[in-house]
Amino acid sequence: MNDTVTVVATITAHAGSREKVAGALKTVERDVQGEPGCLSYQLHVNRENDHQFVMIERWTSAKMLEQHSQAAPFRALVSAIDGLADLNVMTLSSGA
């Protein structure tokens with residue numbers, strides 16, 4: 001059984017907040033790379049709406065994802081974008 005978890009997080013910056021949100025996302029992308037259980041953590045920008053970012057994450061397990069959600073880099077991101085962006089998170093399992 002494959003316990004790998006994929007997360008697709010869509011972050012939409014409010015008007016006038018794009019640069020601050022982008023900076024916070026770039027920081028967390030860099031800082032999370034070494035976290036236990038992180039297989040990948042990649043930031044993307046919507047080519048049709050540069051205020052919309054997508055973070056695609058892969059974790060070895062739900063437990064490692066939970067630890068990430070409690071870790072300092074993620075908490076700093078949540079604080080940095082509070083009130084500046086809308087966040088929508090989808091958590092996926094492998095297979096059908």
Looking only at non-hydrogen atoms, find the nearest pair between [X] and [Y] and report the distance.
X	Y	value
Ala9	Leu87	CB-CD1, 4.2 Å
Glu35	Ala71	OE2-CB, 3.8 Å
Ala85	Ala13	CB-CA, 3.9 Å

Please confirm whether the backbone N or O of [Y] pairs with a side-chain atom of [X], one donor and one acceptor, at under 3.5 Å?
X	Y	result
Arg18	Asp50	yes
Thr27	Gly23	yes
Gln52	Thr10	no

How many angstroms lie between [atom1] in [X] and [atom2] in [Y], if you round to the nearest 0.5 Å?
X	Y	atom1	atom2	value
Ser61	Glu66	OG	CD	10.5 Å
His44	Ile11	NE2	CD1	10.5 Å
Asp31	Leu77	CG	CG	10.0 Å
Asn46	Thr12	CG	OG1	8.5 Å
Trp59	Thr6	CH2	OG1	11.5 Å
Thr4	Leu92	OG1	CG	12.0 Å

Any side-chain heavy-atom pair of [X] and [Y] under 4.5 Å:
X	Y	result
His14	Asp86	yes
Thr60	Asp3	no
Val7	Met55	no
Val32	Glu57	no
Val54	Val8	yes

Honestly curious: do Leu39 and Val28 fall in one hydrophobic cluster under the side-chain, below-4.5 Å linking rule?
no
Answer with yes or no whether the hydrophobic clustering places Met90 together with Ile56; edges join I, L, V, M, F, W, Y residues whose side-chain heavy atoms lie under 4.5 Å apart.
yes
Parallel, tilted or perpendicular, judged at 30° and 60°: which one describes the rings of His68 and Phe74?
tilted
